[in-house]
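As structure tokens, the structure follows; a few thoughts come after it.
Below, chains carry the letters A, B, ... as their sequence lines are ordered, and counting in each starts from 1. Any value given below was found using the heavy atoms of this structure, including those in side chains, with hydrogens, waters and symmetry copies removed.
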Amino acid sequence: MPEPGPYRLTFWRAFFFLTLAAGLPALVVRYTQGIGAVSNLSDEFPWGLWIGFDLLCGVGLAAGGFTVTAMVYLLNLKRFHAIVRPAVLTAFLGYALVIAALLVDLGRPWNIWHPIIMWNPRSVMFEVGWCVMLYTTVLFLELSGMLFERFGWTRAVKVQRVATLPLVILGVLLSTLHQSSLGALYLIAPHKLHPLWYSGALPWIFWTSAVAAGLAMTIVESNLSARAFKRQLELPILTDLSRILVVALGVFGVFRLTDLAYRQALGYLFEASYESAFFHLEFLAGVVLPFVLLASEKRRRNPRILYGAALLAVMGFVVNRLNVAVTGLETAAGQRYVPAFTELLISIFIVSIGFAAFGVAVKYFKVFPEEEHAAAPVPGLPPERLAPFARTT
Amino acid sequence: MIAIEPKALLIDITRCIGCGECVGACLEAHDLPGTADDVKGLSDKALTALAEKDDLYIRQLCRHCIDPACASVCPVEAFRKLPNGPVVYDADRCMGCRYCMQACPFNVPKYEWFSANPRVVKCDFCVHRQAEGKVTACTEACPAEATMFGTREEMLALAHQRLAEDPDAYYPEIYGEHEVGGTSVLFLSPVPFAELGFRTDLPTGALPHLTGKALAKVPGIVTIGGAFLFGLWWLTHRREEVALYEAGLAQEKHDA
């Protein structure tokens, strides 16, 4: 493929190659000496950064894929059409990276396919495994139209369009199942997870927070790609999206507090403890603050506030998942867990590959519509509304 | 064929002299390196160990739960509860997700963190010795009869008998009779179990019910959810069709 202009070594490209150069040896050690040689995981802390961040956050932040497709295809909110492809691409890469992280975290990664033939329907992990497998396939099929267009396979493009509705419905169902099941993983350990996080409602807490995080991530991702690919920000669309984000954050916040009150765990909020500090970081900075920032239309139209608030919501989500996976389990484990440098390095390595893959996809495929967003929703009914799935973008 | 009766161990802490013979015998029976003196706690090289607390010795080992959390959470059924009691692990099925370690209420499974082909390691209730009709290695080695082997029914009866015959010597409970739905390793203690580091906050119900409740909702979500989402699509698009139709009528009127 031709390179547009001479190759420039930007800061981020240098960072990418540096991570690659440092991450590969760490991986070699991991696969020859064992997980213990590159991580601070232990018998007391069998799940750490790779599960807490790469898996739980990776899947949650990819939730934009199912929320945006549901809004556009099921709720018929066509004004969000322009962000479907970037959101689905982000989701697909997110899941691909989750699988990559699992290949590092699993002790016997060559057995990763075992759930296909070795069934244990009593296991939440079994269900998550199947959903992730199926949903990654669904995301790929949702994206396949983009590939077919690129190769000029018009028949395939048509077939793919017909398949869109069932794919979207399947995607929403699978996402609902495994987003909530990631929370259900922890239901088995009431004696280990701190009451600020353990709840019978964990599956629904995970689902609602993933909906909010997916929307927030879509806004953050739009902003990042606007900068990276020198495109105009789809501001009116993102402002609209942030209105939905405000509702999602509000619902999640109220749900979370109601759940704490119902379990009579509100008292823990006022303890001066390690856990309550992390809860406040997650809840005040990551839910309440972005909610307040995005509560006014005027602020939602300010791209800096919009982007900043969405970033806060994403970080609040990440802190929430790490609190469930790490903070909330530390007291029961009788020790603190801090990831080893190489553990962090491998995580950064995996995420870097994701960013690079997004860049490559944007370069070779039609991920973004051609500045179509300028044609904001107009009153009346434009002819394209006649055929909901007739548009190629 | 005779029905298989589930076996159990009864560990009487009042009788244990802390000699460590059980630890040594376990190492030998499982071809593990080192001696009993090297064992400081459960690890990937020790399936049982002794913890000391105020001159009392508490054996650490897998409790072989009646409805084990490790077996319920394992996505590939690498853990199985055998009808005669043991909870056994099959490394060939294992993917190494370590959910078993996260789920175990007694923190029993340990991992080979420094192996390129790691296994989960834990007490197997001497399943191979049991197959030969023998008692567990630890039971055989114990010079003080602090660890006894028999059917769970027998062991519970024995424990209750000791509690009744010598109430002053014992704290009046059998640890493992009801915890997490009951375990196949039962403990008697002279002092409250909490003082010896036992978890006394565990529910009496088996833990797998907690995740089972969530999984039971899956079929409903798929069927009702699928119908709901399709309905949603139909509704929003039907509305649009109607709006289009009406707009068309209005246009015709306007043109006329």
Side-chain angles (χ1 to χ4, degrees), chain A residues 31-37 39 41-44 46-47 70 73-76 102 105-109 111-112 114-115 118-129 165 168-170 172-173 176-177 180-181 183-192 200 202-203 329 380-381 385-386 388, chain B residues 42-44 69 71-78 91-103 105 107 109-120 199 201-203 207-208 210-215 217-218 221-222 225-226 229-230 232-233 235-237 239-241 243-244 247:
Chain A
Y31 287 110
T32 52
Q33 314 288 308
I35 296 171
S39 74
L41 295 174
S42 63
D43 288 334
E44 289 71 33
W47 286 356
Y73 294 111
L74 303 180
L75 295 175
N76 207 5
L102 278 176
D105 184 80
L106 290 178
R108 299 170 159 239
N111 288 345
I112 194 171
H114 275 184
M118 298 176 189
W119 285 33
N120 181 11
R122 280 182 94 194
S123 165
V124 177
M125 187 76 87
F126 172 78
E127 189 227 306
V128 171
L165 176 64
V168 166
I169 290 181
L170 197 61
V172 174
L173 291 175
T176 297
L177 288 180
S180 58
S181 289
L185 284 178
Y186 290 88
L187 288 178
I188 198 82
H191 45 282
K192 289 184 184 171
L202 259 178
L329 293 168
L381 293 152
R385 287 203 165 186
L386 274 165
Chain B
L42 292 185
S43 73
D44 58 344
S72 88
V73 301
C74 179
V76 291
E77 267 186 348
D92 290 335
R93 296 178 79 96
C94 180
M95 320 192 283
C97 72
R98 308 184 296 281
Y99 193 11
C100 47
M101 304 176 72
Q102 197 73 276
N107 293 325
K110 303 297 172 198
Y111 208 59
E112 293 179 330
W113 293 104
F114 292 90
S115 162
N117 187 16
R119 291 171 305 169
V120 175
R199 289 205 71 127
D201 57 345
L202 295 177
L207 296 175
L210 295 167
T211 39
K213 272 188 281 184
L215 284 170
K217 298 198 174 84
V218 170
I221 289 176
V222 173
L229 292 174
F230 184 78
L232 207 60
W233 171 84
L235 201 70
T236 56
H237 289 79
R239 246 191 224 155
E240 185 181 81
E241 263 177 45
L244 269 178

* Segment of A:T176 engaging chain B (4.5 angstrom heavy-atom cut-off) -> side chain

* Asked: Checking heavy atoms, do the side chain of A:E127, its backbone, both or neither come under 4.5 Å from chain B?
  -> side chain

Most heavy-atom pairs under 4.5 angstrom with chain B, which of [options]?
options                       : value
A:L185, A:L329, A:T32         : A:L185
A:A189, A:P115, A:A184        : A:P115
A:L41, A:V172, A:L187, A:N120 : A:N120

* Asked: Heavy-atom distance under 4.5 Å between the side chains of B:R119 and A:R108, does that happen here?
  -> yes

* Asked: Does A:L173 reach the side chain of A:L177, with side-chain heavy atoms less than 4.5 Å apart?
  -> no

* To do: Kindly say whether the aromatic ring centers of A:Y73 and B:W233 come within a distance under 6.0 Å.
  => no

In terms of heavy-atom proximity below 4.5 Å to chain A, should [X] be classed as side chain, backbone, both, or neither?
X      : answer
B:S72  : both
B:R199 : side chain
B:L229 : both
B:A71  : backbone

Considering only heavy atoms and a distance below 4.5 Å, find which of [options] pairs most often with chain A.
options                       : answer
B:P75, B:S43, B:P118          : B:P75
B:K110, B:K217, B:Q102        : B:Q102
B:A91, B:P208, B:A69, B:A78   : B:A91
B:V222, B:L210, B:N107        : B:L210
B:D92, B:L235, B:N117, B:V218 : B:N117
B:G212, B:A116, B:P203        : B:A116

Nearest non-hydrogen partners of [X] and [Y], listed with the distance:
X      : Y      : value
B:V76  : A:H114 : CG1-CB, 3.6 Å
B:P109 : B:C100 : CG-O, 4.1 Å
A:N76  : B:E240 : ND2-OE2, 3.2 Å
B:P105 : B:L202 : CB-CD2, 4.0 Å

* Donor-acceptor side-chain pairing of A:D105 and A:W47 below 3.5 angstrom -> no

* Please confirm whether the backbone N or O of B:G96 pairs with a side-chain atom of B:R98, one donor and one acceptor, at under 3.5 Å? => yes

* To do: Give, for atom SG of B:C94 and atom CG of A:L106, the distance between the pair rounded to the nearest 0.5 Å.
  => 9.0 Å

